Peer 1: 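Quick one: this structure, given as structure tokens, is what I'll be asking you about.
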Amino acid sequence: MLNPIDTDAVIRDGRLAGAFPGEIHEGVAWWAAACFVVVSRSGQMAVAHDSHPTTAEFHRRFCRGAINAEHWGCQVSSLGTADEAQLLHAMKELGGVPGALLTTADGGGRQTVTIRLYDADGQPVTEDTGLAKLREMIASDRVPIPVNDQAKGSIIERRDLVEAW
């Protein structure tokens, strides 16, 4: 695995989080998304982020990872900047799909990037509902990759789901 992370330190407490740079890097967003698609068996999801400049690249990588997960052909609705309530609303509007919220907090001279995952019912993904499996996949370097170009999903800009709310 290129640029490994301490999965036990980063993937815990219902989220993926770590100091950037250092504990977490942009590639983790790709890994998390690809694994989340497989674990949740999802053909569609909604993804949002805060307005922090650091989060933008993590968001882009998360979306790319989701559409490249094996044969799932996941369709990602990219909401752009949104808060948790807006993300949960959009997930429901899309018919009850899983989602992810990416944020960055500044403090103590460092940035902490957090990726929160939600199941199709809008509940945070926990150890028992997929986080443990996701951690194991990343730790054992079993991050899914696309089987071929036809199996790739796509990213659709859906800011309208946030703006209309």
Side-chain angles (χ1 to χ4, degrees), residues 7 10-18 24 26-52 55-105 113-139 142-165:
T7 53
V10 172
I11 306 170
R12 60 182 169 72
D13 303 328
R15 68 195 192 314
L16 292 85
I24 197 169
E26 296 95 334
V28 174
W30 177 294
W31 302 343
C35 292
F36 184 45
V37 167
V38 172
V39 168
S40 65
R41 305 176 67 82
S42 181
Q44 185 178 8
M45 74 171 49
V47 183
H49 63 89
D50 64 7
S51 60
H52 197 286
T55 313
E57 181 62 17
F58 278 84
H59 177 262
R60 188 182 76 76
R61 296 276 187 101
F62 190 96
C63 292
R64 300 293 303 164
I67 68 169
N68 280 289
E70 292 180 344
H71 62 279
W72 289 97
C74 186
Q75 304 302 306
V76 174
S77 293
S78 176
L79 307 177
T81 302
D83 61 24
E84 183 182 45
Q86 292 169 314
L87 169 65
L88 295 174
H89 172 75
M91 290 165 53
K92 188 175 181 180
E93 286 293 310
L94 290 166
V97 301
L101 179 62
L102 292 79
T103 59
T104 301
V113 175
T114 301
I115 302 171
R116 296 188 190 281
L117 305 173
Y118 300 87
D119 66 19
D121 295 323
Q123 297 301 307
V125 174
T126 65
E127 288 294 308
D128 296 335
T129 61
L131 211 55
K133 180 67 175 166
L134 187 142
R135 181 187 311 103
E136 179 208 329
M137 291 172 75
I138 292 173
R142 290 195 346 249
V143 175
I145 58 172
V147 291
N148 58 50
D149 283 344
Q150 289 77 29
K152 279 187 179 182
S154 62
I155 302 167
I156 303 163
E157 297 296 326
R158 290 300 310 266
R159 289 181 174 83
D160 60 296
L161 293 170
V162 174
E163 294 164 359
W165 192 62

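Remember, predicted model here, so these are calculated numbers, not experimental data.
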Peer 1: Taking the side chain as every heavy atom from C-beta outward, state whether I156 and V76 have any atom pair closer than 4.5 Å.
Peer 2: no
Peer 1: Who passes side chain to side chain donor-acceptor pair (under 3.5 Å) against Q123, sequence neighbours left out?
Peer 2: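 Q123 satisfies side chain to side chain donor-acceptor pair (under 3.5 Å) with no other residue.
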Peer 1: For A66 and C74, work out which heavy atoms get closest and say how close.
Peer 2: O-CB, 3.4 Å
Peer 1: Distance from W72 atom CH2 to M45 atom CE, nearest 0.5 Å?
Peer 2: 11.0 Å
Peer 1: Using side-chain heavy atoms (C-beta onward) and a distance below 4.5 Å, is V47 in contact with L102?
Peer 2: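 The answer is yes, as the side chains (C-beta and beyond) meet within the 4.5 Å cut-off.
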Peer 1: Could you check whether any side-chain heavy atom of H49 comes within less than 4.5 Å of a side-chain heavy atom of T81, counting everything from C-beta outward?
Peer 2: yes
Peer 1: Nearest heavy-atom pair of A82 and V162: which atoms, and what distance?
Peer 2: CB-CG2, 3.8 Å
Peer 1: If the test is side-chain contact (heavy atoms from CB on, under 4.5 Å), which one of H59, R158, R60 qualifies with S78?
Peer 2: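 Result for side-chain contact (heavy atoms from CB on, under 4.5 Å) with S78: H59.
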Peer 1: How about W30 and N68: do any of their side-chain heavy atoms sit closer than 4.5 Å?
Peer 2: yes
Peer 1: Between K92 and V97, is there a side-chain heavy-atom distance shorter than 4.5 Å?
Peer 2: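 Not touching, per the 4.5 Å side-chain cut-off.
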Peer 1: Listed by chain and number, what are the side chain to side chain donor-acceptor pair (under 3.5 Å) partners of D119, not counting sequence neighbours?
Peer 2: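 Not a single residue meets the side chain to side chain donor-acceptor pair (under 3.5 Å) criterion with D119.
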Peer 1: Is there a side-chain contact between E136 and R142 (heavy atoms, below 4.5 Å)?
Peer 2: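 Side chain of E136 against side chain of R142, heavy atoms only: contact under 4.5 Å found.
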Peer 1: Look up atom CG in L134 and atom CD1 in I138, then write down how far apart they are to the nearest 0.5 Å.
Peer 2: 4.5 Å
Peer 1: Determine whether a donor-acceptor pair (N or O, by modelled atom type, separation under 3.5 Å) exists between the side chain of S40 and the backbone of F36.
Peer 2: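 At least one qualifying donor-acceptor pair exists.
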Peer 1: In sequence, state the C-alpha distance, the side-chain angles, and the governing distance for T104 and T55, and then conclude on side-chain hydrogen bond (donor to acceptor under 3.5 Å, both in side chains).
Peer 2: CA-CA 6 Å; T104 301; T55 313; 2.5 Å; yes
Peer 1: Has R15 got more than 12 heavy atoms of other residues, nucleotides or ligands less than 6.0 Å from its CZ?
Peer 2: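 Check passes, neighbour count above 12.
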Peer 1: Where is the tightest heavy-atom contact between P144 and V38, given as atom of each residue plus distance?
Peer 2: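 Of all heavy-atom pairs spanning P144 and V38, the closest is CG-CG2, 3.4 Å.
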Peer 1: What heavy-atom pair brings I115 and A29 nearest, and what distance separates the two atoms?
Peer 2: CD1-CA, 3.9 Å
Peer 1: To the nearest 0.5 Å, how far apart are CZ in R116 and OG1 in T114?
Peer 2: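 Rounded to the nearest 0.5 Å, the CZ-OG1 separation comes to 5.5 Å.
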Peer 1: How close do G130 and V39 get, heavy atom to heavy atom, and via which atoms?
Peer 2: CA-CG1, 3.7 Å
Peer 1: Which distance, rounded to the nearest 0.5 Å, do you find between the CG of L131 and the CG of L16?
Peer 2: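 Going from CG on L131 over to CG on L16, the span is 6.0 Å.
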Peer 1: Taking the basic N atoms (NZ, or NE/NH1/NH2) and the acidic carboxylate oxygens, is any pair closer than 4.0 Å for R135 and E127?
Peer 2: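 Looking at R135 and E127, the cut-off is met.
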Peer 1: Taking the side chain as every heavy atom from C-beta outward, state whether W31 and M137 have any atom pair closer than 4.5 Å.
Peer 2: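 A side-chain contact is absent here, since even the closest heavy-atom pair is not under 4.5 Å.
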Peer 1: When rounded to the nearest 0.5 angstrom, what distance separates CE in M91 from OG in S77?
Peer 2: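 The CE atom of M91 sits 11.0 Å away from the OG atom of S77.
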Peer 1: Would you sort out whether V125 and Y118 count as a side chain to side chain contact (heavy atoms under 4.5 Å, CB included), showing the intermediate values?
Peer 2: CA-CA 5 Å; V125 174; Y118 300 87; 5.6 Å; no
Peer 1: Measuring from atom CD of Q86 to atom CG of L161, what distance do you get when rounded to the nearest 0.5 angstrom?
Peer 2: 10.5 Å
Peer 1: Evaluate the side-chain proximity of L94 to Q44: yes if any heavy-atom separation is below 4.5 Å, no if none is.
Peer 2: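 Yes. Closest side-chain heavy atoms under 4.5 Å.
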Peer 1: Quick one: closest heavy-atom pair of D50 and T103, and the distance?
Peer 2: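 Smallest interatomic distance, heavy atoms only, reads OD2-CA, 3.2 Å.
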